[in-house]
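To start, the structure itself, in structure tokens.
Note that the coordinates shown come from a computational prediction; the quantities given were computed from them, not determined experimentally.
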Amino acid sequence: MLNPDEYLEQLYSDLNKASNLTRTQPWRERKADVRTKLLASLGDFPRESSELNAVVGERIDKGDHYLERVIYTTDVNLQVAAFVLIPKGLTGKAPAVLAWHGHGYGSREIVGLRPDGTTDDDPPGMHQHFALHLVRRGMIVIAPEIIGFGDRRLWVDRGKDPKKNSSCVALTSRLLLYGKTLAGLRIYEAIRSVDYVLTRADIDPNRIGCMGFSGGGLIASLSSALDERIQATVLCAFTSTFSGSLLAMNHCIDNYMPSILPFAELPELIGLIAPRALFVESGMEDPLFPVASVQEAVAKLKEIYHSEEVAANLEVDLFPGKHEVSGRLSYDWLAKQLKA
């Protein structure tokens with residue numbers, strides 16, 4: 001065959017046969033090894049953490065909450081800009097949620113702002129301004145700008161329309177030459193974002209959650225898998241299998257991790273979150289993460305949570321919709337988990 005489709009299908013078939021013995025081992029015997037292989041696939045993390053040196057740039061009264069813009073350091077010559085949404089009327093330490101946007105124009109898209117920073121009064125898009133729904137349920141929401149989007153694109157991309165352009169491809173290809181991955185850098189920054197959360201006097205360090213949509217779901221899932229300080233996780237429009245989504249159609253290169261498939265399918269990586277609480281939501285008409293693939297992943301996650309003897313800590317909502325945030329059950333679930 002001149003076209004390589006059947007070759008790729010054979011690769012997956014052969015891999016399944018070769019990996020079948022390992023993957024049939026009890027989950028608890030495999031879990032530590034899967035975690036080790038995930039870390040290796042993500043690439044090198046910095047060995048020493050830089051000082052956060054967090055700075056609050058502004059604080060705006062948004063009616064039912066305050067909106068702060070903060071900047072903190074994650075590594076040498078690398079800073080994160082994040083919005084922090086704070087409910088009004090707090091009387092003590094509050095729970096916190098790290099909110100991870102998907103592809104689009106960045107963190108402004110989930111906090112109710114247009115790309116220019118003005119208030120977005122139009123009907124929300126697929127992100128549904130989900131950070132606003134969380135802060136209105138009594139949680140402090142930290143919405144970092146993911147590297148490669150919005151204000152954190154490469155200079156060559158900054159003059160382009162942020163709704164249509166990111167720096168994902170350029171960052172991924174260049175980081176590979178250093179033995180790093182863009183997914184790994186984003187996961188590292190997510191862990192550093194937890195470090196920032198813990199510096200805030202208004203946040204209860206024992207009530208930290210996260211929520212991620214689409215590509216932000218990758219960050220939410222894998223940072224939760226690796227950082228046990230995160231107690232509850234919501235994944236929107238991401239949970240699936242590699243075979244049913246990333247291998248079945250074109251996705252942004254930032255979703256791909258080298259050499260992970262011989263050791264684990266995607267639901268097993270997500271399963272590293274167990275025994276902590278996990279909520280999966282996905283639209284039944286999502287073309288990027290087809291419902292059959294989602295159902296297959298959920299079935300595997302149910303096996304993992306059952307083996308950890310915490311079946312009740314996994315909840316699922318397959319809602320009528322496409323590639324979008326729903327929140328019809330997940331917002332209240334997260335508030336309940338974090339005792340907001």
Practice prompt. Report, as yes or no, whether the 6.0 Å neighbourhood of atom CG on Asp61 holds more than 12 heavy atoms from other residues, nucleotides or ligands.
Written response: yes
Worksheet entry | Geometric cation-pi criterion, Arg158 with Trp155: 6.0 Å, 45° | yes
Discussion item. If you count heavy atoms of other groups shown closer than 6.0 angstrom to NZ of Lys302, is the number above 12?
Written reply: no
Worksheet item: Are Lys37 and Glu268 within salt-bridge range, i.e. N to O under 4.0 Å?
Response: no
Worksheet item: What about the rings of His127 and Tyr105, do their centers lie closer together than 6.0 Å?
Response: no
Discussion item. Looking at Ser326 and Arg328, would you say the former's side chain and the latter's main chain have a donor-acceptor pair under 3.5 Å?
Written reply: yes
Worksheet item: Short question: side chain of Glu145, backbone of Ser107 - any donor-acceptor pair under 3.5 Å?
Response: yes
Practice prompt. Measure from the side-chain N and O atoms of Asp254 to the backbone N and O of Leu182, and report whether any donor-acceptor pair falls under 3.5 Å.
Written response: no
Discussion item. Looking at Asp195 and Arg192, is there a salt bridge between them, counting it only when a charged N and a carboxylate O are closer than 4.0 Å?
Written reply: yes
Worksheet entry | Lys339/Asp204 ion pair, N-O < 4.0 Å | no
Worksheet item: Would you call Arg114-Asp116 a salt bridge at under 4.0 Å N-O?
Response: no
Worksheet item: When you check the gap from the basic side-chain N to the acidic O, do Lys163 and Asp161 get nearer than 4.0 Å?
Response: no
Worksheet item: Is any side-chain N of the basic residue among Lys336 and Glu315 closer than 4.0 Å to the acidic one's carboxylate O?
Response: no
Worksheet item: Quick one: do Glu285 and Lys322 make a salt bridge, cutoff under 4.0 Å?
Response: no
Discussion item. Filter on side chain to side chain donor-acceptor pair (under 3.5 Å), then keep only pairs touching residues 167-179, sequence neighbours left out; what's left?
Written reply: Asp157-Ser167
Worksheet entry | Sequence neighbours excluded, every pair satisfying ring pair (Phe, Tyr, Trp, His ring centres under 6.0 Å) that has a member inside residues 52-83 | Tyr72-Tyr196
Fill in: Test item: Arg28 side-chain N/O and Ser307 main-chain N/O as donor-acceptor pair under 3.5 Å
yes
Fill in: Salt bridge Arg108-Asp120, side-chain N to carboxylate O under 4.0 Å
no
Discussion item. As a test of understanding, state which of Gln231, Gln337, Met139 forms a side-chain contact (heavy atoms from CB on, under 4.5 Å) with Pro95.
Written reply: Met139
Worksheet item: Taking the six-membered ring for Trp, are the ring centroids of Phe130 and His101 within less than 6.0 Å of each other?
Response: no
